[in-house]
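Remarks on the structure that follows.
Numbering of residues begins at 1 and proceeds along the displayed sequence. Being a predicted model, the structure only gives us computed values, none of them experimental.
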Amino acid sequence: GKISKAIKEYRVELTALRKLKSPTPEQAARIGQLNTLIAEQDEEYEALKARIDALRAQGEEFALTMRAADGQEKDIN
């Protein structure tokens, strides 16, 4: 959530700056900075997503089936 929120905030600011017809040198520099920040956050997001996917795959390797005295079964992952 934190990374997604940061990306969204950067994109909102970037969109506003891109709408300017004649950005100042400071605004143009900020556009470049925002593009860099978004790319860095996207990279971090993808790395975390890959880690989460790997952990989920690990968790799926293990399962437990419980059987009650009445014969009902329940899988626990």
Check: Looking only at heavy atoms, what is the nearest atom pair of P23 and A28, with distance?
Finding: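 Scanning both residues, the minimum pair turns out to be CB-N, 4.3 Å.
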Reported [atom1]-to-[atom2] distance for the pair [X] and [Y], which is rounded to 0.5 angstrom:
X: D42; Y: L37; atom1: CG; atom2: CG; answer: 11.0 Å
X: I38; Y: K8; atom1: CD1; atom2: NZ; answer: 13.5 Å
X: L34; Y: L17; atom1: CG; atom2: CG; answer: 6.5 Å
X: K5; Y: I7; atom1: NZ; atom2: CD1; answer: 13.5 Å
X: R18; Y: L20; atom1: CZ; atom2: CG; answer: 12.0 Å
X: E13; Y: Q27; atom1: CD; atom2: CD; answer: 10.0 Å

Checklist line | Within 6.0 angstrom of E43 CD, more than 12 heavy atoms from elsewhere | finding: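 No.
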Checklist line | Non-neighbouring partners of R56 that pass side-chain contact (heavy atoms from CB on, under 4.5 Å), sequence neighbours left out | finding: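 For R56 the side-chain contact (heavy atoms from CB on, under 4.5 Å) partners, ignoring immediate neighbours, are I52, D53.
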Notebook entry, point to check: Does the side chain of L55 reach to within under 4.5 Å of the side chain of Q58, using non-hydrogen atoms?
Noted result: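 Yes, at least one pair of side-chain atoms sits under 4.5 Å.
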Next item on the list: Report the C-alpha separation of Q33 and R30 in whole Å, then their side-chain angles, then the decisive distance to 0.1 Å, and conclude whether the side chain to side chain donor-acceptor pair (under 3.5 Å) test is met.
Entry: CA-CA 5 Å; Q33 183 183 33; R30 181 64 178 158; 2.6 Å; yes
